[in-house]
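Data block below; observations after.
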Amino acid sequence: MWRNELRDRLLAMAKRRGFIWPAFDIYGGLRGFYDYGPLGSELKRNIINLWRKYYVLGEGFAEIDSPNLSPEDVFRASGHLDKFKDLMTVCTSCGAAFRADKLVKTENADSLSADELWEEMKREGVKCPECGGELTKPEPFNLMFGTHIGPKGKGERAGYLRPETAQAMFMDFQYLYRYFREKLPFGAVQIGKGFRNEISPRQGLIRLREFNMAEAEIFFDPEEKDWPGFEKVSDENVRLIPNTGGELLMSIGEAVQKGIIRSRALSYFLGITKKFLLDAGIDEGKLRFREHLRDEMAHYADDCWDAEVLLSYGWVEVVGIADRTDYDLSRHMEYSGENLKALRKYPETREIEVTEVIPDYGKLGPLFKKDAKKVAEALISLGPDIAGDITVSADGKEYTVPESAYRVEKVKKKVSGEEFIPHVIEPSYGIDRILYAVLEHNYKEVIDDGETYRILSLPARIAPIKAGVFPLMAKEGMDKKAMEIYEMLRNEGINAFYDHSGSIGRRYARMDEIGTPFCITVDYQTLEDDTVTMRNREDKRQERIPVKEIAKKIADRIDGGIL
RNA sequence: GCAGGCGUGAUCUAGUUGGUUAGGAUUAGGGCCUUCCAAGCCCUCUGCCCGGGUUCAAAUCCCGGCGCCUGCACCA
């Protein structure tokens, strides 16, 4: 386990070198908000691009980009307005705060309103568990940041900063469904900011009030149990902690076969997640997948596995892979009145016979006037097993429909498929947490000659700077030559860094500290034969290569993932 | 939100029975030197978290705020 001093030194380095800075620092800072400095921004971008490589290029999912701020309706439908909050009660004598629903004995206490809960607390005589003092009436604390959209007054609407990027992908379902030419499964992704008004953010990048997330929503037919591409990951070994207890090490395929992971679709994204995290530089020995306990699940989830990484803070969730079933689409259908269903097409259009009740509106109209429509609907809802004069009730009133006002008939219909609400699997990645974990898992200190030497062993593909370019000494044209190479690399799209100050060893050390995988040095021989040395961060070995080949060599190693 | 600990340049730190221009090291920038892994020499920049109070005088004592760490709670 990490000592905190080591973490402190990593964070000091991250601040000093421009990875992470406290936001609003000159005004004293604010908990839960950080700036990414130049290296941090680049690192974040590289991690996100790696994620895109998996989800957009790899899976063929479609990326969308939607507003951070949403009108209230969205969260009424999503459930965040009601559920993404806690009723807090505070002790009047010792000041301790509690979730009020955890203090009462009633079943389903979390579904009670503040008033109901307050009544229940009084009835049970609940006192402060800490000191026995009196508790205040529970007050809701919603974790969403609220604001007003539009000018105060008539045009004003309540709005909230989104606590997750997911909702837009549900709201855009119809567009996406058409974009994918009405074929399931398909996936949509969004990379962006989420906002949560955490009561007490701690632990640096681990709990932020404004954070970066990358989410995918994969829509699929719940009857399609199989998952395309499942074989790609079925041999991946993973450490699993199912909610039935215990810890298991087995392949994805085996876990599905034994029913430990309930769906192939869900398990597929466990496998993809593992591959992505390892590519990003997460240590496999510090990675596990843990299934949520039933009472731990978010309000929208049916099953959920978290990817957790071991950090100096303990095991921390970095990815949540949830089966949201049809919760979101159903809710948005209910609240918006729109049809968010997909069609399960039959191989060919079928002609089926159905027995239907067919009201005779020509008779019903004169009989029931304004109520005719309601009566007809009530009649149809009785189903085809009716005969004779029928009494139906609508809106509390009874109507007698004579036999002559309807008929029951077999009719032929063409049916091309059946409608259903797709289910959704959601892998949700916390980019900031992943970025921090990558730093911790790759930060090393070596004591060399009594001096602490720091190396950040970032995978080459996510390292913010790919190559340092130095003249051995800044004279006799070596500096000029190095500068030329530096510019050449940048023109090739390789983020490089030129440095001629101090000794060559110091410059290597500076690059090692920020995770630069390669260093190019121009020496006297370069002036003769146009070759340079290329040094590898991990083993400090050098090879001599022609200037012409530098860019290609570096590019190859980044894409090939040598490091 | 509560409790405890902490807060001196970018980093580490000296300095608190209140008492001159807050000292050092590292880093960073400039220069000299230097033929590949934090060498050396010279010069230079950056600081008492913020606000209020006590006092002739506050980095030092008191109060509040902010931030960091730990625990509880919360969140995922």
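By convention in this document, chain letters (A, B, ...) are assigned in the order of the sequence lines, proteins followed by strands, and residues within each chain are numbered from 1.
Listed candidates were B:A28, B:U35, B:C36. Nearest to the side chain of A:Arg510 is B:A28. Comparing B:A39, B:G29, B:C36 by their nearest atom to the side chain of A:Ser503 picks out B:A39. With distances taken from any side-chain atom of A:Leu30 to the nucleotides B:C36, B:U34, B:G67, the minimum falls on B:G67. Ranking B:U27, B:C37, B:G67 by closeness to the A:Tyr453 side chain, first place goes to B:C37.
In this structure, B:A38 makes no Watson-Crick or G-U wobble pair, since no nucleotide meets both defining distances under 3.5 angstrom. As the counterpart of B:U20, no nucleotide is assigned, since no Watson-Crick or G-U wobble pattern has both distances under 3.5 Å. Across all strands shown, the partner of B:C2 is B:G71, judged by Watson-Crick or G-U wobble contacts whose two distances both fall under 3.5 Å. B:A28 is paired with B:U44 under the Watson-Crick or G-U wobble criterion, all donor-acceptor distances under 3.5 Å. Nucleotide B:A58: unpaired (no Watson-Crick or G-U wobble partner with both distances less than 3.5 Å). Nucleotide B:A76 forms a pair with no other nucleotide shown, judged by Watson-Crick or G-U wobble geometry with both contacts under 3.5 Å.
For B:C36, neither phosphate oxygen OP1 nor OP2 lies less than 4.0 angstrom from any side-chain nitrogen or oxygen of A:Thr521. In this model, the phosphate group of B:U70 is approached by a side-chain N or O of A:Arg7 to a distance below 4.0 Å at OP1 or OP2. For B:A76, neither phosphate oxygen OP1 nor OP2 lies less than 4.0 angstrom from any side-chain nitrogen or oxygen of A:Arg207. Distances shown here put every side-chain N or O of A:Arg454 at or beyond 4.0 Å from the OP1 or OP2 atom of B:A38. The shortest distance between the side-chain N/O atoms of A:Arg541 and the OP1/OP2 oxygens of B:C37 is not below 4.0 Å. For A:Arg506 and B:U27, the shortest distance from a side-chain N or O to OP1 or OP2 is below 4.0 Å.
Spacing between atom CZ of A:Arg507 and atom P of B:C36 amounts to 11 Å, rounded to whole angstrom units. To the nearest angstrom, C1' of B:A28 lies 16 Å from CE of A:Met13. The CZ atom of A:Arg17 sits 14 Å away from the C1' atom of B:U26 (whole-angstrom rounding). Distance A:Arg288 CZ to B:A76 C1': 14 Å, rounded to the nearest Å. The nearest whole Å value for the distance from the CD1 atom in A:Ile447 to the P atom in B:A38 is 14 Å. Per the geometry, CD1 belonging to A:Ile26 stands 13 Å off P belonging to B:G51, to the nearest Å. The CD1 atom of A:Ile514 sits 12 Å away from the P atom of B:A28 (whole-angstrom rounding). Whole-Å rounding puts the A:Leu527 CG to B:U35 C1' distance at 11 Å.
If you take atom C1' in B:U8 and the same atom in B:G4, they sit 23 Å apart, rounded to whole Å. If you take atom C1' in B:U13 and the same atom in B:U54, they sit 30 Å apart, rounded to whole Å. Between the C1' atoms of B:A28 and B:A10, the separation comes to 8 Å (whole Å). Rounded to whole Å, the P atom of B:C66 lies 15 Å from the corresponding atom of B:G51. Of the P atoms belonging to B:G5 and B:C75, the separation is 28 Å, rounded to the nearest Å. Rounded to whole Å, the separation between the P atoms of B:G29 and B:C45 comes to 16 Å. With both ends at atom P, the span from B:G18 to B:C63 equals 16 Å, rounded to whole Å. Distance check on atom P: B:C33 versus B:G24 gives 28 Å, rounded to whole Å.
Put simply, the side chain of A:Thr147 does not reach to within 4.5 Å of the side chain of A:Tyr160, judged on heavy atoms.
Nearest-nucleotide mapping onto RNA chain B: of A:Glu513 and A:Gly28, the residue sitting toward the 5' end is A:Glu513. For A:Asp306 and A:Lys15, each mapped to the nucleotide of RNA chain B holding its nearest heavy atom, the one lying further toward the 5' end belongs to A:Lys15.
We find that A:Asp512 and A:Arg454 are not joined by a salt bridge, their nearest charged nitrogen and carboxylate oxygen being 4.0 Å or further apart.
Side-chain contact check for A:Gln167 and A:Ser70: no donor-acceptor pair (N or O, by modelled atom type) lies under 3.5 Å. Side-chain contact of A:Lys466 with A:Thr516: a donor-acceptor pair under 3.5 Å is absent, judged by distance alone. In this model, no donor atom of one side chain and acceptor atom of the other lie less than 3.5 Å apart for A:Tyr486 and A:Glu484. A:Asp432 and A:Tyr34 share no side-chain donor-acceptor pair at under 3.5 Å.
For the pair A:Arg507 and A:Phe497, the NZ or CZ position fails the cation-pi test of under 6.0 Å to the six-membered ring centre and within 45 degrees of the ring normal.
The residue A:Gly29 sits close only to the backbone: its heavy atoms come under 4.0 Å of sugar-phosphate atoms, none of a base. Among the heavy atoms of the strands lying under 4.0 Å from A:Gln542 is at least one base atom, whether or not backbone atoms are also near. Within the 4.0 angstrom heavy-atom criterion, base atoms lie near A:Arg290.
Contact annotation: side chain of A:Arg535 to base of B:C37, donor-acceptor pair present below 3.5 Å. Contact annotation: side chain of A:Tyr27 to base of B:C50, donor-acceptor pair absent below 3.5 Å.
A:Glu513 pairs with exactly one of A:Arg16, A:Arg506, A:Arg9 by the salt bridge (charged side-chain N to carboxylate O under 4.0 Å, His left out) rule, that one being A:Arg16.
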